[in-house]
Amino acid sequence: HVQLVESGGGSAQAGGSLRLSCVRSGAISDNYCVGWFRKRPGKAREGVASIDRDGTIHYADSVKGRFTISQDNANNILYLEMNNLKPEDTATYYCATDPICEDDAGQFSWDDWVYWGQGTQVTVST
């Protein structure tokens, strides 16, 4: 049984910072992909940041230079450091993990990840 529990969401002003945490437990291999997604109001869920199976980090263009993903493998915690927040970052943020995170061509994919947390709300005001 895989469990992902996010924390650290809340409110911030534009230009501010927040750090999200995700504690992972259960049958999760260190070789799994890990990542953060978000669901903004009126928009489809989107990938934000991830670490794939060989350690390559991927960021959505909208957060490059502002968000940093990292993990503490000893304690099974995944982090998302969010700086210079913008109102358009307002969303429910989800931690996720997947054994493969690749498409049929063997390329990294944000699609069809298997395990999800319950989400944590981030609200950025002007």
Side-chain angles (χ1 to χ4, degrees):
H1 176 66
V2 173
Q3 189 171 21
L4 304 171
V5 180
E6 303 99 334
S7 62
S11 298
Q13 290 192 319
S17 299
L18 286 172
R19 187 175 77 160
L20 305 183
S21 301
C22 172
V23 178
R24 299 169 283 160
S25 62
I28 302 176
S29 167
D30 287 346
N31 198 36
Y32 278 22
C33 307
V34 291
W36 291 93
F37 293 70
R38 67 185 179 187
K39 176 71 169 67
R40 294 187 283 179
K43 295 186 179 292
R45 187 175 62 196
E46 60 183 344
V48 174
S50 72
I51 304 173
D52 69 19
R53 293 188 297 167
D54 66 5
T56 301
I57 292 177
H58 305 267
Y59 291 105
D61 289 343
S62 58
V63 306
K64 282 181 182 176
R66 301 188 299 121
F67 289 12
T68 302
I69 188 172
S70 62
Q71 60 182 335
D72 175 355
N73 284 328
N75 293 297
N76 291 323
I77 303 174
L78 182 68
Y79 297 104
L80 184 67
E81 184 76 34
M82 305 186 293
N83 297 315
N84 191 20
L85 283 163
K86 302 177 179 181
E88 52 264 42
D89 294 320
T90 294
T92 301
Y93 284 75
Y94 299 89
C95 171
T97 187
D98 189 87
I100 301 174
C101 69
E102 292 179 356
D103 59 20
D104 291 342
Q107 300 301 306
F108 171 77
S109 174
W110 294 108
D111 296 334
D112 302 321
W113 285 42
V114 176
Y115 303 108
W116 295 85
Q118 81 289 349
T120 186
Q121 179 66 34
V122 171
T123 303
V124 184
S125 59
T126 56

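Position 1 is the first residue of the sequence; numbering continues from there.
- Counting only N and O atoms by type, the side chains of S109 and E102 include no donor and acceptor under 3.5 Å apart.
- Dense packing is recorded around CD1 of I77, with more than 12 heavy atoms of other residues, nucleotides or ligands lying under 6.0 Å away.
- Minimum interatomic distance between D52 and C33 (heavy atoms only, all atoms of both residues): CA-SG, 4.0 Å.
- Placement of F37 and V2 in two distinct hydrophobic clusters is found when ILVMFWY residues are connected by side-chain heavy-atom separations under 4.5 Å, directly or transitively.
- With ring centers used as reference points, W36 lies 6.0 Å or more from F67.
- Pairing each heavy atom of R40 with each of T90, the nearest pair is CG-O, 3.4 Å.
- There is no side-chain donor-acceptor pair under 3.5 Å between S29 and N31.
- Contact detail for S11 and L18: the closest heavy-atom pair is O-CD2, 4.4 Å.
- Looking at every heavy atom in both residues, E6 comes nearest to G119 through OE1-N, 2.9 Å.
- Around the CG atom of N73, the shell of radius 6.0 Å holds more than 12 heavy atoms that belong to other residues, nucleotides or ligands.
- Two residues are said to be in side-chain contact when any heavy atoms from C-beta on lie closer than 4.5 Å; M82 and V48 fail this criterion.
- Criterion: ILVMFWY side-chain heavy atoms under 4.5 Å apart, direct or through other members. Under it, L78 and L4 are not part of a common hydrophobic cluster.
- For R45 and W116, the positive end sits near the middle of the six-membered ring, less than 6.0 Å away and at most 45° from its axis.
- Under a hydrophobic clustering in which Ile, Leu, Val, Met, Phe, Trp and Tyr are joined whenever their side-chain heavy atoms come within less than 4.5 Å, directly or via other members, I51 and Y115 fall into different clusters.
- When all heavy atoms are compared, the tightest approach of G47 to A60 is O-CB, 3.4 Å.
- Summarising the geometry, atom OG belonging to S7 is positioned 9.0 Å from atom CZ belonging to R19; distances are rounded to the nearest 0.5 Å.
- Between W113 and W110, the angle of the ring planes stays under 30°, which puts this pair in the parallel group of the 30/60° scheme.
- Contact between P87 and T126 at its shortest, heavy atoms only, is CG-CG2, 3.5 Å.
- For the pair I69/Y59, a side-chain contact is recorded, criterion being any heavy-atom separation below 4.5 Å from C-beta on.
- In this structure, OG on S21 lies 13.0 Å from CD on Q71, to the nearest 0.5 angstrom.
- A single hydrophobic cluster is not seen to contain both V23 and Y32; linkage of ILVMFWY side chains at heavy-atom distances under 4.5 Å, directly or through other members, places them apart.
- Taking 4.5 Å as the limit, some side-chain heavy atom of S62 sits within range of a side-chain heavy atom of R38.
- The OG1 atom of T123 sits 12.5 Å away from atom CD of Q13, with the distance rounded to the nearest 0.5 Å.
- Electrostatic pairing of K86 and D89 does not count as a salt bridge here, judged by no charged N lying under 4.0 Å from a carboxylate O.
- Connection of V5 to Y94 is not established within any shared hydrophobic cluster, with ILVMFWY side chains joined at heavy-atom distances below 4.5 Å, either directly or through further cluster members.
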